[in-house]
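The first residue of the sequence shown is numbered 1, and numbering continues consecutively from there. Keep in mind that this is a model prediction, so the values were computed, not measured.
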Amino acid sequence: MLLPSVRGRLSDRSLLRWLSRGRLAEAPAAADPLAEVLRAIGRAYPREGLAALRMWGQTGERPGAWIAAAEPVYMEPRLDRLFLQVLGPGDVSGSELQRLFDALQETLGSERELGFARIGSSGYIRSGRPMVTPGMPAAALDGRNPDGALPPADVAADTLNLISEIEMTLHAQPINAQRLAEGRPPVNSLWIWGGGYAPAQCASEMPPLYGAQPLLQGYWASVGGSAEPWPGTIGACVDAAPGGFVAVVPAVSDAGGALESELAALRDAFRSRKLTSAVLISVDGVRVTLRRSDRFRVWRRTARLLEGPVA
C-alpha cells in the first residue's frame with residue numbers, strides 16, 4: 001500500500017507498537033512509487049517507457065509515439081554548481097505551466113519531429129527520434145546537483161542540446177520575469193526523464209489496484225490488470241480483494257486522524273486473519289513489511305523511524 005506521510009503523524013501508541021514489530025526500512029517512495037510496488041509484488045521493473053506509461057495512466061490510451069516526461073524545475077546556481085529544485089503543482093499553477101509549454105511548442109515544436117504537451121500537472125515531450133534520457137524522476141534529485149544523473153554527452157547529445165534550447169526559451173518568457181518579481185523561483189529548465197515507447201499491452205496475473213496514481217495505473221493497463229478508484233477505506237479493499245491488492249491511500253486520509261483509522265482497520269484485518277502480510281510504503285520514505293507472525297515480536301520497541309524525521 002502507498003500511504004501519505006507517517007513520520008511523526010501517529011499519536012496512537014498501540015498502532016506505533018504494532019507497526020514497529022514489522023520490518024522497517026527507508027524507501028524512496030515519493031520519487032518512484034512504481035519501483036517500490038513492483039518490488040513488493042515481485043515483478044520486474046520496466047526497462048523503458050516510464051513516461052509513456054504515466055501518460056497511459058492519465059489518458060486511458062496507449063501512446064503510440066516516443067514519449068519523455070518533462071518536469072518543471074528551477075536550476076539554482078550555487079557557487080560553481082547548479083542544484084535542482086522540483087516545482088510541483090503547489091509551485092506552478094496549471095495556467096502557468098500551460099503558457100510555458102505553449103511557448104515551447106511555438107518556438108521548438110514541429111508537427112513530425114518534436115511536440116510539447118501538458119496533462120494536468122505533468123509535462124511531456126514527443127519526439128520523432130528516440131533520445132537517451134535519465135530514468136530518474138526529478139523528485140529523486142530534489143535539492144541535489146543533477147550532473148551525475150545525466151547521461152554522458154557522447155550518447156545523449158540530442159537530449160543535452162534540447163535541454164539547452166528549452167532553457168533559452170524559458171529564460172525569455174515574461175511569466176518567469178513575473179515570478180522573479182513576486183519572489184518565486186523561475187521555471188528555468190525541464191527535467192527530461194523516462195523516455196521510451198509504451199510496451200505492447202499483454203495479459204498478466206496482477207492483484208487489483210485501488211487508487212489514483214498515474215504511473216501505476218498505466219503499468220496496470222499495460223499488463224491487463226484491474227485498476228479501480230479508491231473505494232473509501234482499506235477495509236473495503238480487504239473485503240473486495242481477499243486474495244491481495246495494491247492500494248494508494250489518498251493524501252486527504254492524513255488529516256483528522258483518518259490515517260490512524262485506516263491503519264487500525266488494517267490491523268483488525270490481520271487479527272481476523274483476512275490478511276497475512278502487507279507492505280506499507282509512505283510518501284515520506286518509510287517502508288514497513290508486516291506479517292501476521294509479527295504479533296509475537298512483542299519485545300520490539302517503538303521504531304524511531306515512525307516517530308519523526310531522521311536527522
Side-chain angles (χ1 to χ4, degrees), residues 1-4 27-71 86 88-89 94 97 117-126 133 135-140 191 193-234 236-241 243-254 262 278-283 287:
M1 299 178 196
L2 295 178
L3 299 172
D32 193 347
L34 179 62
E36 286 297 312
V37 167
L38 295 184
R39 174 186 169 193
I41 64 177
R43 295 187 66 93
Y45 194 66
R47 292 185 177 182
E48 69 161 345
L50 294 176
L53 282 173
R54 191 181 70 179
M55 180 183 279
W56 194 343
Q58 287 181 293
T59 64
E61 298 182 2
R62 178 185 178 274
W66 186 96
I67 299 292
E71 309 298 351
V86 173
L97 194 59
R118 175 189 76 95
I119 301 176
S121 60
S122 302
Y124 294 97
I125 292 174
R126 169 192 51 79
T133 65
M136 187 179 295
W191 181 253
W193 69 278
Y197 293 96
Q201 192 172 33
C202 64
S204 181
E205 289 292 328
M206 292 288 291
L209 170 68
Y210 298 106
Q213 211 292 339
L215 185 53
L216 268 64
Q217 289 175 305
Y219 179 87
W220 253 251
S222 74
V223 295
S226 169
E228 302 290 340
W230 172 244
T233 65
I234 287 178
C237 296
V238 174
D239 292 339
F245 59 90
V246 173
V248 183
V249 180
V252 292
S253 294
D254 202 11
E262 296 294 344
V279 178
L280 313 181
I281 306 160
S282 74
V283 298
R287 176 190 176 100

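- Listed by chain and number, the residues in a salt bridge (Lys or Arg N to Asp or Glu O under 4.0 Å) with R39 are E36 (sequence neighbours excluded).
- Contact record, M206 with V223: CG-CG2, 3.6 Å, taken as the closest heavy-atom pair.
- Y197 pairs by the side-chain contact (heavy atoms from CB on, under 4.5 Å) definition with W66, P130, not counting sequence neighbours.
- Counting heavy atoms from C-beta on, the side chains of V283 and L2 never come closer than 4.5 Å.
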Using distance only, find each side-chain donor-acceptor pair of residues 46-56 under 3.5 Å and give its atom names and separation, not counting sequence neighbours.
unit_1: R54; atom_1: NE; unit_2: Y124; atom_2: OH; d: 2.8
unit_1: R54; atom_1: NH1; unit_2: E71; atom_2: OE2; d: 2.7
unit_1: R54; atom_1: NH2; unit_2: E71; atom_2: OE2; d: 3.0

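- Looking at every heavy atom in both residues, P63 comes nearest to I67 through CB-CG1, 4.0 Å.
- In this structure, A117 has no side-chain contact (heavy atoms from CB on, under 4.5 Å) partners at least two apart in sequence or on a different chain.
- M1 places a side-chain heavy atom less than 4.5 Å from the side chain of I234.
- Partners of R62 under the salt bridge (Lys or Arg N to Asp or Glu O under 4.0 Å) rule, at least two apart in sequence or in another chain, do not exist in this structure.
- Inter-residue side-chain proximity for P231 and C237 is flagged as met; some heavy-atom pair is nearer than 4.5 Å.
- Atom CD of Q58 is separated from atom OG of S121 by 7.0 Å, given to the nearest 0.5 angstrom.
- Taking each heavy atom of M136 and W191 in turn, the nearest pair found is O-NE1, 2.8 Å.
- Remark: V86 pairs with L84, A138, D142 by the side-chain contact (heavy atoms from CB on, under 4.5 Å) rule, at least two apart or across chains.
- Side-chain polar atoms of S282 and R287 form no donor-acceptor pair below 3.5 angstrom.
- Scored by the side chain to side chain donor-acceptor pair (under 3.5 Å) test, S226 finds no partners at all (sequence neighbours excluded).
- For the atom pair OG1 of T133 and CH2 of W193, the computed distance is 9.0 Å after rounding to the nearest 0.5 Å.
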Validation: residues 207-214 side-chain donor-acceptor distances under 3.5 Å, sequence neighbours left out:
unit_1: Q213; atom_1: OE1; unit_2: L215; atom_2: N; d: 3.0
unit_1: Q213; atom_1: OE1; unit_2: L216; atom_2: N; d: 3.1

Going through the checks in order, is the side-chain contact (heavy atoms from CB on, under 4.5 Å) test met by V37 and Y219? CA-CA 11 Å; V37 167; Y219 179 87; over 6 Å; no
